[in-house]
Amino acid sequence: MENQFIRHEPCFERILFVLTLDRKKMKERILIGEEQQIRFRLNGGQNAEVLCDMTRPLGTFLINFERDTDRDWNLYGLSPLRQALHSNRWKQPELEQAASEFLWEKYLSNDPLKMYVAFRIWNSYLLAREPRDRNAACDRFMDKMSSLTGVFHNETMIFDRETGKPKHFQTGSLYFKGAPSEDTRLDLWFPDNRRTEECVSAYASLYPLITYYLNRLNDWGLCFRQCKVCGKYFLAKSQRYELCSDKCRKVQALQNKREFDERARENNYDLLYKNECQNWRNKINRVKNTAGFPADRLEKIQVAFSDFKKEALQRKKAVKTGTASPKEFTDWLYQQSNVIVELTEI
C-alpha cells in the first residue's frame, strides 16, 4: 500500500481505524488498514499488510488525543489541497507540497490517530482529483475530511474531576442529533475462535469510537488519575493509584528515601537540642538547691539560658531552610555544654 504523500495511484479500498481493548492486560491495540488485511493480522497473520499495528497502555488513545485548538489541520492540511483542486496545474505542485510536508510530519509522529487522519486526507485528495467535476469532488472531499478532523477541536478525555470516572455517553449529544448517519456509525466485530476480544472499526468519523471507549471504561469501573511525579494522566483500576509507571515509582521511592534521611537528620539534631536544654535545666536546678550560691550569678545563668534557647531556635530554622548544615548546629550545641559548666562552677 503506497503511503508517501506524493501524487500516485490512490487507494480505492476503505482504510479503517480498528480498536480493541483488553481489560485484563490493561492494553489497547490499534490497527490501520484494509478490513481484510486487518482481520488477517488479528487472526495471527504477521505478513498481513497494514499501515499500523500498535499496542499501548489502556487509555492512551484518549489521553494523548490530538488537540487542534489553532485549527492547524484545516489551515495547513486541508486548505492548500482545497485550493489545489480549484487551481490550474502550474499552481498545484506548490500547494500540494505545502500540505504534504504538514501531513507527512503528522504521519511520522508514530501516533496512530495522526497517521490515520494524515493518510486519509492525502488519499482522499488523490481520489478527488479523479472525477471531471472537480468542484463537486472538492466539496465532497472537504465535507468528509472536516468530519474527520472536527473531533480535534473538542475535549475527548471526559471524566469526573473528583472521582476520575469516565462519563457515560449521553444520547442527547448535539453532535449525534445533527450529524449524518454515516458519521455516527461504528462497526462491532465480535470475538471468534482465534480472537477473544471484540473490535470496533471507524471510518467516517472518530466520535463514535471515542464514545465507545468512554462507555467501556465506565462499565469496567476504571478511572483516570494524574501521576504525582510526572503529571501525566493514566488509567487505573482505583483512585488509590498515584504513579503511572515503574520509572515514576523509582523516582518516588528515591524521593521518599531522601525525605526519610532528612527527617532522620532533623530528628537527630532536634534530639540533641532537647537534651542540651535539659542539661542546662538540671545544672540550674542544682545551683538553686546549693546553699549560699550567689543570687546575681543565678540570675546571670538564667539570662544565659534564655539567650541560648533564642539562638538555638534561630540556628534550627537556618538548618531547615538550608542556610546552615546540621553539623554546624550540633557542633554549636556541644560548645554550649562548656558554657553552662563554666557558669555553674562553684
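Keep in mind that the numbers below use all heavy atoms, side chains included, and drop hydrogens, waters and symmetry copies.
- With a 4.5 Å cut-off on side-chain heavy atoms, Glu13 and Glu35 do not count as touching.
- The ring pair (Phe, Tyr, Trp, His ring centres under 6.0 Å) search around Tyr116 returns Phe17, not counting sequence neighbours.
- Partners of Arg29 according to the salt bridge (Lys or Arg N to Asp or Glu O under 4.0 Å) rule, which considers only residues two or more places apart in sequence or in another chain, are Asp53.
- Between Trp189 and Val200 there is no side-chain heavy-atom pair separated by less than 4.5 Å.
- Grouping the Ile, Leu, Val, Met, Phe, Trp and Tyr side chains by contacts below 4.5 angstrom, directly or via other members, places Val303 apart from Phe293.
- In this structure, Lys310 is not positioned above the aromatic face of Phe308 in the sense of NZ or CZ being under 6.0 Å from the six-membered ring centre and within 45° of the axis.
- Residue pairs meeting the side chain to side chain donor-acceptor pair (under 3.5 Å) criterion with at least one member in residues 16-28, sequence neighbours excluded: Glu28-Arg56, Glu28-Tyr213.
- Residues Leu186 and Pro208 come closest through the heavy atom pair CD2-O, 3.6 Å.
- The existence of a salt bridge linking Arg129 and Glu96 is confirmed by a sub-4.0 Å separation between a basic side-chain nitrogen and an acidic carboxylate oxygen.
- Annotation for Asn64 and Asp111: closest pair O-OD2, 3.9 Å, computed over non-hydrogen atoms.
- Between Asn256 and Gln252, the side chains place a donor N or O and an acceptor N or O closer than 3.5 Å (distance only, hydrogens not considered).
- Proximity of Phe65 to Phe152: side-chain heavy atoms (C-beta onward) are separated by under 4.5 Å at one or more points.
- For the residue pair Trp280 and Glu276, a side-chain donor N or O sits within less than 3.5 Å of a side-chain acceptor on the partner.
- Each of Lys228, Lys232, Arg249 was compared with Glu242 under the salt bridge (Lys or Arg N to Asp or Glu O under 4.0 Å) criterion, and only Lys228 meets it.
- Contact annotation: the side chain of Lys106 never approaches that of Val117 to less than 4.5 Å [non-hydrogen atoms, C-beta and beyond].
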Could you walk me through whether Glu198 and Arg216 pass the salt bridge (charged side-chain N to carboxylate O under 4.0 Å, His left out) test, one step at a time?
CA-CA 12 Å; Glu198 69 180 25; Arg216 278 291 178 268; 2.7 Å; yes

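- Closest approach of Leu95 and Ser87 over heavy atoms only: CD1-OG, 3.6 Å.
- Between the side chains of Gln302 and Arg297, no donor N or O sits under 3.5 Å from an acceptor N or O.
- Taking each heavy atom of Val18 and Cys199 in turn, the nearest pair found is CG1-CB, 4.0 Å.
- The OG atom of Ser146 lies 9.0 Å from the CD1 atom of Ile121; values are rounded to the nearest 0.5 Å.
- A cation-pi arrangement is found for Arg14 relative to Tyr203, the charged atom lying closer than 6.0 Å to the ring centre and inside a 45° cone about the ring normal.
- Rounding to the nearest 0.5 angstrom, the gap separating the CG atom in Leu21 from the CZ atom in Phe61 is 10.0 Å.
- For Glu311, the CD atom sits in a packed shell: over 12 heavy atoms of surrounding residues, nucleotides or ligands are nearer than 6.0 Å.
- The salt bridge (Lys or Arg N to Asp or Glu O under 4.0 Å) test applied to Lys327 returns Asp331, not counting sequence neighbours.
- Judged as a salt bridge (Lys or Arg N to Asp or Glu O under 4.0 Å), and not counting sequence neighbours, the contacts of Lys114 are Glu66.
- No donor-acceptor pair closer than 3.5 Å links the side chain of Asn218 to the backbone N or O of Leu214.
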Evaluate Val319 against Arg315 for side-chain contact (heavy atoms from CB on, under 4.5 Å), listing each step before the verdict.
CA-CA 6 Å; Val319 173; Arg315 288 176 176 268; 5.7 Å; no

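- When atom types are taken as modelled, the side chain of Thr323 and the backbone of Ala318 share a donor-acceptor pair closer than 3.5 angstrom.
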What do the steps show when you test Phe234 against Leu243 for side-chain contact (heavy atoms from CB on, under 4.5 Å), and what is the final call?
CA-CA 9 Å; Phe234 66 100; Leu243 304 170; 5.7 Å; no

Going through the checks in order, is the side-chain contact (heavy atoms from CB on, under 4.5 Å) test met by Ile15 and Glu34?
CA-CA 5 Å; Ile15 303 301; Glu34 299 174 13; 3.8 Å; yes

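- Using bins of under 30°, 30° to 60° and over 60° for the plane-to-plane angle, the ring pair Phe329/Tyr273 lands in the tilted bin.
- Residues Arg225 and Gln239 share a closest heavy-atom pair of NH2-O, 2.9 Å.
- Note on Leu62: it does not cluster hydrophobically with Tyr241, by side-chain heavy-atom contacts below 4.5 Å among ILVMFWY residues.
- Between atom CD1 of residue Ile301 and atom OG of residue Ser306 there is a gap of 14.0 Å, rounded to the nearest 0.5 Å.
- Both Tyr76 and Met145 are assigned to one and the same hydrophobic cluster, defined by single-linkage of ILVMFWY side chains at heavy-atom distances under 4.5 Å.
- The distance from atom CG of Leu16 to atom CD of Gln36, rounded to the nearest 0.5 Å, is 12.0 Å.
- Distance OH/Tyr125 to SG/Cys138: 9.5 Å, rounded to 0.5 Å.
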Under the side-chain contact (heavy atoms from CB on, under 4.5 Å) rule, what do Leu217 and Leu58 come out as? Steps first, then yes or no, please.
CA-CA 9 Å; Leu217 298 182; Leu58 192 65; 4.1 Å; yes

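- No continuous path of ILVMFWY side-chain contacts below 4.5 Å connects Phe12 to Ile38, so the two sit in separate hydrophobic clusters.
- When atom types are taken as modelled, the side chain of Gln37 and the backbone of Glu49 share a donor-acceptor pair closer than 3.5 angstrom.
- Formation of a donor-acceptor pair under 3.5 Å by the Asn282 side chain with backbone atoms of Gln278 is found in this model.
- Proximity of Phe305 to Lys300: side-chain heavy atoms (C-beta onward) are nowhere separated by under 4.5 Å.
- Every residue meeting the salt bridge (Lys or Arg N to Asp or Glu O under 4.0 Å) condition with Asp187, not counting sequence neighbours, appears here in chain and number order: Arg185.
- No chain of hydrophobic side-chain contacts below 4.5 Å, direct or via other Ile, Leu, Val, Met, Phe, Trp or Tyr residues, connects Leu85 to Leu127.
- Proximity of a side-chain donor or acceptor of Asn74 to a complementary backbone N or O of Leu78 within less than 3.5 Å is not detected.
- Looking only at distances, no side-chain donor or acceptor of Asp72 sits under 3.5 Å from a matching main-chain atom of Asp68.
- In terms of modelled atom types and a separation under 3.5 Å, the side chain of Asn123 and the main chain of Phe119 share no donor-acceptor contact.
- For Asn47, the CG atom is loosely surrounded, since the number of other residues' heavy atoms within 6.0 Å does not exceed 12.
- Side-chain rings of Tyr107 and Phe5 approach one another, their centers coming within less than 6.0 Å.
- With Thr290 contributing its side chain and Arg286 its backbone, the two residues share a donor-acceptor pair below 3.5 Å.
- Between Arg134 and Asp139, every side-chain heavy-atom pair lies at or beyond the 4.5 Å cut-off.
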Side chain to side chain donor-acceptor pair (under 3.5 Å) between Gln92 and Arg7, intermediate numbers included
CA-CA 11 Å; Gln92 288 175 3; Arg7 283 192 193 179; 2.9 Å; yes

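- Going from atom CG of Leu81 over to atom NE2 of His86 covers 11.5 Å, rounded to the nearest 0.5 Å.
- More than 12 heavy atoms of other residues, nucleotides or ligands sit less than 6.0 Å from atom CD of Glu130.
- Of all non-hydrogen atoms in Ile63 and Leu235, the two that sit nearest each other are CD1-N, 4.3 Å.
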